[in-house]
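Scroll down for the structure; my scribbles are underneath it.
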Amino acid sequence: MNNSLWNKSAKALLAVGLIASFGVPTSQTAVEAAAPANDLFISEYIEGSSFNKAIEIYNGTGASIELSPYSLSLYTNGSTSSQSEMALSGTVANGETFVIYHGGANAAIQSKGDLQNSSVVNFNGDDALVLEKSGAAIDSIGQVGARIDNLKDITLVRNPDIQSGDNVVNDAFNPSSEWTAYPSDTFEFLGSHTMESGVTPDPDPDPDPTVDGYYETANGLQGESLKAELHDIIDGHTELSYSQVWDALKVTDEDPNNANNVLLLYTGESRSKSLNGGNVGDWNREHTWAKSHGNFGTAMGAGTDIHHLRPTDVQVNGLRGNLDFNYGGSAVNGCDGCLRTSASWEPPNEVKGDVARMLFYMAVRYESGDGVDLELNDFVNNGSTPYHGKISVLLEWHEQDPVSSWEQQRNDKIEDIQGNRNPFVDHPEWAESIW
């Protein structure tokens, strides 16, 4: 396994932290995610009947991107000056899309939308659109300064081999060179995009023979036999203290675009490593498997296992509490895409699979004889029993949100720190076999 990009910092933490206080080394190597795309680009264009208009933007960079530096401009009727411009807002995770739509679009478009705008997203087939970052063009569709009617009554989807935008905004626009055309009012591709070269998550992403060797004794097993063997493989990891978890998470969840920050679970926000604590604006240690479900608290073992501990905004962590996972509920303040009921929590789409695989790990790692025997069931309101739900929903999320390159790298880093891996990141197909 090639861990050369970050091994130095993890080993430094081990050397210092397990002897003294798991202190952060003075110099850390940034984690570099595999990222063929160097920036966002336009992945879909819809110019349909009436106000059925939308623009989809795709993030294939390998890391979550905060959208405040980006804007989208509309150039109409061959003009060289923009008629309308809109600032983008929010965050788009790696491998995810961001859909901007007209307020009069039909429900099929709006259900997949992220941001409504009826000024810029009010184009016709002879207009041009430009995506900018900090005022510089990074992609365009159509031709600024020319009125060429080749974008009327059509849906265009960017071809999978395209990995960067067209930043020359006044060059001739030929849709057939980079796009696949579909009839007017085709909406079925909106809300997701496929890009080649490995950025789109691979449902079976582990080609590493070293990792395959790690699971050699599990080959060919199914069901309970597989679960028992995986437990034996990942059992007996190096246990951290709860205070050591702070510094471990600063390595495992480091923002690949900013080595001073960590990426927060649920919100996707990049926040300073130094803002760890319990105050508003801080991040703290979220137990994805709620620590009250089995009453293991923060004791060494299940309570400090960084395979399920993630940096999370203090207030969002408090709102999630010890809720089981399920669909539905009311929107959560401060967490775009989070939903909450009195009994359940639904995370945003881009981390649903991450959550499922962390819970799968916990249900395999902690069996009778490990201090607590954790199991998944298909219920909510599990309270203090050592169960977490709902397994049927978690399996759906596992399928819908496949393993990302960032999640794989996190698994590698945890192996260096506590000595074991999450089997369901390496072999996603095993979840269906066991449950």
Side-chain angles (χ1 to χ4, degrees), residues 35-62 65 67 70 72-75 88 92-102 105-117 120-131 137-143 148-169 171-203 349-350 400-402 404:
N38 59 11
D39 215 325
L40 303 178
F41 60 81
I42 298 169
S43 51
E44 186 164 345
Y45 165 96
I46 294 176
E47 204 283 313
S49 60
S50 187
F51 293 115
N52 289 336
K53 304 175 190 288
I55 292 292
E56 177 190 272
I57 295 169
Y58 178 68
N59 176 12
T61 64
I65 288 184
L67 291 172
Y70 296 84
L72 186 67
S73 298
L74 172 65
Y75 293 76
L88 303 187
V92 58
N94 174 53
E96 298 294 329
T97 60
F98 188 85
V99 176
I100 309 157
Y101 63 97
H102 192 286
N106 71 18
I109 291 178
Q110 294 204 29
S111 66
K112 298 181 180 180
D114 297 290
L115 188 62
Q116 176 183 311
N117 184 285
V120 172
V121 189
N122 195 26
F123 41 82
N124 294 309
D126 57 356
D127 298 330
L129 293 144
V130 177
L131 177 64
I138 59 172
D139 198 9
S140 58
I141 188 166
Q143 184 177 353
I148 302 173
D149 195 9
N150 59 4
L151 288 168
K152 183 179 180 181
D153 299 329
I154 196 171
T155 290
L156 295 178
V157 176
R158 210 74 176 254
N159 293 336
D161 62 328
I162 302 303
Q163 301 173 6
S164 61
D166 176 10
N167 62 4
V168 182
V169 301
D171 61 344
F173 180 73
N174 178 7
S176 64
S177 64
E178 293 190 358
W179 305 79
T180 299
Y182 296 92
S184 177
D185 291 334
T186 299
F187 311 137
E188 61 190 271
F189 305 106
L190 194 65
S192 64
H193 182 67
T194 297
M195 188 180 80
E196 293 177 353
S197 298
V199 171
T200 298
D202 182 348
N349 291 337
E350 54 266 27
Q400 293 166 6
D401 175 32
S404 66

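On a predicted model such as this, the values are computed, not experimentally measured, just so you know.
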Inset, instruction - Could you tell me whether the side chain of Lys112 and the main chain of Val99 form a donor-acceptor pair under 3.5 Å? - result: no
Inset, instruction - With rounding to the nearest 0.5 Å, note down the distance linking NZ in Lys53 to NE2 in His102. - result: 7.5 Å
Inset, instruction - Write out all pairs satisfying salt bridge (Lys or Arg N to Asp or Glu O under 4.0 Å) with one or both partners inside residues 175-191, taking only residues at least two apart or from two chains. - result: Arg158-Glu178
Inset, instruction - Calculate, to the nearest 0.5 Å, the distance between atoms CD and CG belonging to Glu47 and Asn124 respectively. - result: 6.0 Å
Inset, instruction - Find the distance between CD1 (Ile141) and CG (Leu151) and round it off to the nearest 0.5 Å. - result: 5.5 Å
Inset, instruction - Sequence neighbours left out, what passes salt bridge (Lys or Arg N to Asp or Glu O under 4.0 Å) with Asp39? Give chain and number order. - result: Lys133
Legend entry - Student check: side-chain heavy atoms of Glu44 and Leu190 closer than 4.5 Å: yes
Legend entry - Close side-chain approach of Tyr70 and Ile57, heavy atoms under 4.5 Å: no
Inset, instruction - Establish, from distance only, whether the side-chain atoms of Asn159 and Thr180 form a donor-acceptor pair under 3.5 Å. - result: yes
Legend entry - For Ser50, all residues meeting side-chain hydrogen bond (donor to acceptor under 3.5 Å, both in side chains), sequence neighbours excluded: none
Legend entry - Rounded distance [0.5 Å steps], CG in Asn167 versus CD1 in Ile138: 9.0 Å
Legend entry - Side-chain donor/acceptor of Asp126 to backbone N/O of Asp149, under 3.5 Å: no
Inset, instruction - Answer yes or no: is there a donor N or O on one side and an acceptor on the other, between the side chain of Asn59 and the main chain of Leu40, under 3.5 Å? - result: no
Inset, instruction - State whether the side chain of Asn106 and the backbone N or O of Asn52 hold a donor-acceptor pair below 3.5 Å, judged by distance alone. - result: no
Legend entry - Donor-acceptor contact present, side-chain Glu56 to main-chain Gly191, <3.5 Å: yes
Legend entry - Side chain proximity check, Trp179 to Ile42, heavy atoms < 4.5 angstrom: yes
Inset, instruction - Answer yes or no: is there a side-chain heavy-atom contact under 4.5 Å between Ile148 and Phe173? - result: no
Inset, instruction - Assign the ring pair Phe41 / His193 to parallel, tilted or perpendicular, where the plane angle (0 to 90°) is split at 30° and 60°. - result: perpendicular
